[in-house]
Amino acid sequence: MEKLSRKIGGDYPVYPEKVLQFGEGNFLRAFVDWQLNVLNKETNFNGSVVVVQPKGTNKIAGLNKQEGLFTLYLQGMKENKAVNEHMIIDTISRGIDLFTEYHQYIELAHSEELRFIISNTTEAGIYFEPKDRLEDRPQISFPGKLTAFLFHRFQAFNGDQQKGCIVIPCELIEENGIKLREIVLQYAELWNLGEEFVSWIMQNNTFCNSLVDRIVPGFPKDNIDEITEELGYQDDLVVVGEQYHQWVIEGPQWIKDEFPIDQVFLNTFIVDDLTPYRMQKVRILNGAHTAMTPIGYLAGLETVAEAVEDEEVGRYIHELIYEEIVPTLNADVKTFANDVINRFRNPYFKHYLLSISLNSTSKFTARILPTLLDYQEKKKELPQRIVFSLAALLHFYRGKREDDAAVLDWFAASWKAVDEQSITLDQFVQSCLNNQCIWGMDLTSVNGLTELVTEYLDKIEQAGMRDALMSVNEEGIS
């Protein structure tokens, strides 16, 4: 069967390359690139995306083989009806492999049309790597790569004030735009790039904080043969997302002059303060996702929908959201919480728990730990369901997982020591919670946390996840 290309289904326009996108993964393609596709078709945005990879991958080659095209399936509730629809997204003009085509990356910095930079490199992607150097091709970190690009652009246009960029990171960390700019300035100092470049970054580039919301299960591996038959062509980059979406961008209103989101139906808007939007989304939707993942997976489940519908795991998720997460939020968020539960039950989705588990420790730190601390401060007691999810996470890392190499090495060595009886389970938990490199703080300082995590982890170790969860649901949680 013929592979998807620009000769299938008619002519696709070639748009000026206005957007540099760090990330070729499922989320950005099903969220940002889809929205840009809408803007191209319904407004005068008239822009395409150049994609580069934050880390080594073969998806860039796959994108170029399909001439930047991919098929997006949107499945879920739309206007109170279950809707399954698909479309070809033609927003991406090309991908650049930073390891073999770095010269093209530098050439893009000279582009007159380029205006936006968008990224999604996971919560672990926005960090400062002191080993990065300007002359690296490429740098190790995403912020290092971005700084090099911006400096080459600064040089290409002799510091022209009109050639700065609008930078919109989509990583799920608080004040992602502010933090990304701070790291860019760190590199400017480390690399001695000069005060004029620093001034250009501060005055002529707009770094926006942003918040994204769309569940994207990704590639439909379970029914790709059926989808290929339906489409009539082969697409190795099919991506599935839910109908619901929300993008909140904290920035000046003039951005809409260049990014005309107010002219279309998109649930995307520019605000002065996205804090309330972020808190309800990260804590309820993302927090529940992260908390349920080790519990559901270790209970023998594969997907989010299975977890929500399961008697014991579903009860845990419901009580986690309504009894521990919602009470930490000041606004009335029960409607949003109801929507989240319904989105989890999306009949079309097989959102695999393992796909959510990537970088689970950093996700727990960003999405759940603030709720734990706020709950304890408000209630003067520990949120026991959240603590159980932390214990489940520690047990989850007995297996082969995807995370930062240092995190994986630590867990492998520590669990080996437990198995060899070099350390006790109590000592393992104490050492783990004390590891500030993992959690960003010493969690042993949280009153009673070490003891309760140890108790729950011991239950999981001795009885298995299902029996431990049942015991906690019935007895350990009042």
Side-chain angles (χ1 to χ4, degrees), residues 1-9 11-34 36-37 47-73 86-111 114 116-122 124-125 136-142 144-146 148-149 152 170 216-222 224-225 227-228 231-241 352 355 358-359 402 405:
M1 187 173 289
E2 195 169 6
K3 186 180 286 289
L4 176 61
S5 67
R6 289 186 177 258
K7 69 180 181 180
I8 292 179
D11 294 331
Y12 291 94
V14 177
Y15 304 106
E17 294 180 339
K18 288 187 178 181
V19 182
L20 167 60
Q21 178 173 299
F22 286 88
E24 74 291 2
N26 294 318
F27 180 80
L28 283 183
R29 290 189 291 117
F31 185 77
V32 171
D33 298 336
W34 165 73
L36 297 178
N37 194 73
S48 69
V49 176
V50 179
V51 176
V52 298
Q53 80 274 35
K55 297 184 292 186
T57 178
N58 59 4
K59 266 190 183 170
I60 292 296
L63 269 174
N64 287 331
K65 284 180 182 178
Q66 295 188 179
E67 300 179 279
L69 301 179
F70 63 93
T71 308
L72 171 64
Y73 274 78
H86 68 269
M87 64 213 73
I88 292 176
I89 305 300
D90 65 354
T91 314
I92 297 174
S93 62
R94 60 188 168 120
I96 297 175
D97 187 331
L98 293 179
F99 292 93
T100 61
E101 300 169 328
Y102 196 82
H103 62 285
Q104 293 187 28
Y105 183 60
I106 301 306
E107 289 170 3
L108 183 64
H110 292 66
S111 169
L114 187 79
F116 296 90
I117 298 175
I118 293 170
S119 67
N120 187 29
T121 58
T122 80
D136 292 344
R137 301 172 76 87
Q139 292 71 28
I140 299 169
S141 71
F142 152 57
K145 295 178 178 75
L146 173 62
F149 181 87
H152 285 296
C170 297
V216 178
F219 186 78
K221 60 181 181 180
D222 289 339
I224 187 60
D225 291 340
I227 283 176
T228 301
L231 295 176
Y233 55 80
Q234 180 185 343
D235 184 352
D236 297 332
L237 297 171
V238 174
V239 60
V240 174
Y352 288 95
S355 72
L358 178 66
N359 296 321
E402 293 188 59

Ignoring hydrogens and geometry, is there a side-chain-to-backbone donor-acceptor pair from D90 to N37 under 3.5 Å? no
Please tell me if the side chains of I60 and I96 come closer than 4.5 Å, counting only heavy atoms from C-beta onward. no
Of all heavy-atom pairs linking A30 and W34, the shortest is O-CB, 3.6 Å
Close side-chain approach of V32 and F116, heavy atoms under 4.5 Å: no
Starting at NZ of K3, measure out to OG1 of T228 and round the result to the nearest 0.5 Å. 9.5 Å
CG on D236 to CD on Q234, rounded to 0.5 Å: 4.5 Å
Students often mix this up, so state it plainly: with edges at 30° and 60°, are the rings of F149 and Y105 parallel, tilted or perpendicular? tilted
Minimal heavy-atom distance between G241 and L72, with the atoms involved, is N-CD1, 4.2 Å
Can any side-chain N or O of S119 pair as donor or acceptor with the backbone N or O of F22 at less than 3.5 Å? no
So, does S48 use its side chain to make a donor-acceptor pair with the main chain of P16 at under 3.5 Å? yes
Between N26 and G218, what is the shortest heavy-atom contact and its length? ND2-CA, 3.4 Å
The single option from E24, E67, E17 that satisfies salt bridge (charged side-chain N to carboxylate O under 4.0 Å, His left out) with R94 is E17
To the nearest 0.5 angstrom, please state how far the OG1 atom of T121 sits from the CD atom of Q53. 12.5 Å
Going through the distances and angles, do L36 and K18 end up as a side chain to side chain contact (heavy atoms under 4.5 Å, CB included)? CA-CA 11 Å; L36 297 178; K18 288 187 178 181; over 6 Å; no
State, with a plain yes or no, whether a side-chain heavy atom of H86 is found less than 4.5 Å away from one of L231. yes
Sidechain-backbone polar pair: D235 side chain, F70 backbone, donor-acceptor under 3.5 Å: no
Any sub-3.5 Å donor-acceptor pair from Q21's side-chain atoms to G23's backbone N or O? yes
Output for pair (M87 CE, Y73 OH), nearest 0.5 Å, gives 10.0 Å
Closest non-hydrogen atoms of F99 and K55, given as atom of the first, atom of the second and distance, are CE1-C, 4.3 Å
Rounded to the nearest 0.5 Å, what separates atom CZ in F31 from atom CG in N120? 9.5 Å
Restricting to non-hydrogen atoms, name the atom on V50 and the atom on S93 that form the minimum distance, rounded to 0.1 Å. CG2-OG, 3.7 Å
Looking at C170 and L28, what are the two nearest heavy atoms and their distance? SG-CD2, 4.4 Å
Side chains of R29 and V216: closer than 4.5 Å at any heavy-atom pair? no
Can a donor-acceptor pair be found, under 3.5 Å and without considering hydrogens, that links the side chain of K145 to the backbone of P54? yes
Which distance, rounded to the nearest 0.5 Å, do you find between the CG of L69 and the CG of L63? 9.5 Å
